[in-house]
Amino acid sequence: MGEVDPAFIQDPDHRPKLFIIEGEGIPLIDLSPIISPDSITDPKAIEGVVREIGSACRDWGFFQVINHGVQLDKLRNIETAARKFFALPLEEKRKIRRDEKSVLGYFDCERTKNVRDWKEVFDFTVEEPTLVPASPDPEDKEETEWYNQWPEHPPELREVCEEYAREVEKLALKLMGLIALSLGLPENRFSSYFKDQTTSVRLNHYPVCPSPQLALGVGRHKDGGALTVLAQDDVGGLEVRRKTDGAWIRVKPTPNAYIINVGDCIQVWTNEKYQSVEHRVMVNSEKERFSIPYRLNPSHYTIIKPLEELINEQNLAKYRPYSWGKFMTNRKLSNFKKLNVENIQIRHFKVSE
């Protein structure tokens, strides 16, 4: 990727400012009271973590966690393998290029809001195969299966990816339990939604960009699923739109921390008590950047709607129910072609007031 092709250039309103506001106030939550073996005996410490998570979800929609229990060697292994994979020649990577039939694997032409992102990615799902609707058509009841595509090189990629996903899954489901508790619900309230999860993991590589003031690694967007658990390297580049004033705030890399963000499913389940928040990725004219988002997604047959326990006559449901699988397959279409219409969003299911 040399000079910036016009396909990558953001509209003037959405071009990144190279002046950075560092993220003061983005919550950093220590999970050691939950993770440590003697946590069972200290309900006060657990209550404190639950409170912090509730405040972070309400006020930011984003937070960082430390002492999270994920084995560091698993993260280092996947980072090393990802760097090896992205360093391969383009024709080698494109042997497992994804398309409308095989939606998993390598891709270097992704768009966000119809503008190309300055990145290349490798996607795999946690369940093999992953059960999904055959099409976004609401009348079509057919199911299909997604299978992962693994490259020949590096040979260890599959094993380290699968090991890493198993490790992060424990953290993601633990966080869903803490979010449930913060809402006054039983810890297992969300568990049944992930029985046949459509969770995916992405390896991101953002190459050096000659014009970082014109392009973005990922344009502004919200995550459609339940929860994202992000590992990023020390280069930094993730920016979050602050809810209080709409300013873009840089999430400063914290060693060995994970960045957690609330997805659209949680926004709907909580009837907007917790809201997903816009974020984007800046690119860099001097350093390449790597990141690994783990995207916890429900089973495809899950109907997403505000939880009964959280709605009443004073707080009516703000969304009509929708099928997660149909929503997700609709979103996938925009990965392969430039659409003339806006990508599907949860606001399309909003109940008019």
Side-chain angles (χ1 to χ4, degrees), residues 10 13-17 20-29 51-65 112-113 115 117 119 171-172 175-176 178-180 182-183 190 199-200 202 204 216-232 236-254 257-282 291-298 304 306-307 310 318-319 322 324 327-328 331 342-350:
Q10 296 284 328
D13 288 355
H14 299 299
R15 286 181 195 165
K17 307 274 188 291
I20 292 166
I21 308 173
E22 282 285 5
E24 290 304 312
I26 292 179
L28 182 67
I29 300 175
R51 252 197 321 277
E52 280 186 79
I53 283 181
S55 304
C57 290
R58 189 185 61 240
D59 300 340
W60 281 89
F62 254 85
F63 55 96
Q64 298 191 73
V65 293
T112 304
K113 312 274 188 221
V115 181
D117 294 329
K119 68 177 183 200
L171 172 62
L175 288 166
M176 289 303 298
L178 295 170
I179 289 169
S182 76
L183 293 160
F190 297 109
T199 297
S200 65
R202 166 167 286 186
N204 280 318
L216 285 167
V218 185
R220 70 197 193 288
H221 69 287
K222 295 180 175 187
D223 291 351
L227 196 74
T228 302
V229 180
L230 177 79
Q232 63 166 350
L238 176 67
E239 295 194 331
V240 179
R241 200 191 274 283
R242 189 163 52 196
K243 285 169 77 168
T244 49
D245 59 2
W248 286 105
I249 305 294
R250 174 70 60 96
V251 182
K252 194 176 175 189
T254 302
Y258 278 103
I259 298 163
I260 312 298
N261 70 281
V262 164
D264 286 341
C265 291
I266 287 181
Q267 176 164 325
V268 175
W269 284 329
T270 66
N271 210 31
E272 295 189 351
K273 183 168 184 177
Y274 299 161
Q275 294 178 15
S276 62
V277 71
E278 264 196 324
H279 49 288
R280 66 183 187 182
V281 176
M282 303 269 285
S291 73
I292 307 168
Y294 174 103
R295 296 177 295 197
L296 181 69
N297 292 335
I304 310 291
L307 299 179
L310 302 180
K318 295 181 167 72
Y319 294 89
Y322 64 92
W324 164 249
F327 182 92
M328 178 182 63
R331 277 260 172 116
E342 185 190 26
N343 209 338
I344 193 167
Q345 307 289 342
I346 55 169
R347 68 163 179 277
H348 298 148
F349 300 96
K350 195 112 198 228

Can you tell me how far the [atom1] atom of [X] sits from the [atom2] atom of [Y], to the nearest 0.5 Å?
X: R242; Y: I26; atom1: CZ; atom2: CD1; result: 9.0 Å
X: K222; Y: E278; atom1: NZ; atom2: CD; result: 6.0 Å
X: S276; Y: H221; atom1: OG; atom2: NE2; result: 10.0 Å
X: T112; Y: R220; atom1: OG1; atom2: CZ; result: 9.5 Å
X: D59; Y: Y274; atom1: CG; atom2: OH; result: 9.5 Å
X: K273; Y: C57; atom1: NZ; atom2: SG; result: 10.5 Å

Heavy-atom side-chain contact between [X] and [Y] under 4.5 Å:
X: T270; Y: L183; answer: yes
X: V268; Y: W324; answer: no
X: I179; Y: I53; answer: yes
X: L238; Y: I259; answer: yes
X: L230; Y: I292; answer: no
X: D264; Y: W269; answer: no
X: M282; Y: L216; answer: yes
X: L296; Y: V229; answer: no

Is there a donor-acceptor pair closer than 3.5 Å between any side-chain N or O of [X] and the backbone N or O of [Y]?
X: K243; Y: R58; result: yes
X: H348; Y: I346; result: no
X: D245; Y: A247; result: yes
X: D117; Y: G219; result: yes

Which label fits H279 and F62: parallel for a plane angle under 30°, tilted from 30 to 60°, or perpendicular past 60°? perpendicular
Is any NZ, NE, NH1 or NH2 atom of the basic residue among K350 and E272 found under 4.0 Å from an Asp or Glu carboxylate oxygen of the other? yes
So, N297 versus T199: side-chain donor-acceptor pair below 3.5 Å or not? no
Please find the pair of heavy atoms, one from [X] and one from [Y], that lie closest to each other, and give the distance.
X: P298; Y: I304; value: CG-CD1, 4.1 Å
X: V240; Y: V251; value: CG2-CG2, 3.4 Å
X: A226; Y: C265; value: CA-CB, 3.9 Å
X: N271; Y: P306; value: OD1-CG, 3.5 Å
X: F327; Y: G224; value: CE2-CA, 4.3 Å
X: T254; Y: Q64; value: OG1-OE1, 3.2 Å

List the steps and the verdict of salt bridge (Lys or Arg N to Asp or Glu O under 4.0 Å) for R250 and E239. CA-CA 4 Å; R250 174 70 60 96; E239 295 194 331; 3.7 Å; yes
Checking Y294 now: which residues fulfil side-chain hydrogen bond (donor to acceptor under 3.5 Å, both in side chains) with it, not counting sequence neighbours? none
On the ring face of W248, is R280 found with NZ or CZ under 6.0 Å from the centre and within 45° of the axis? yes
Does the gap between the ring centers of Y322 and F349 come in under 6.0 Å? yes
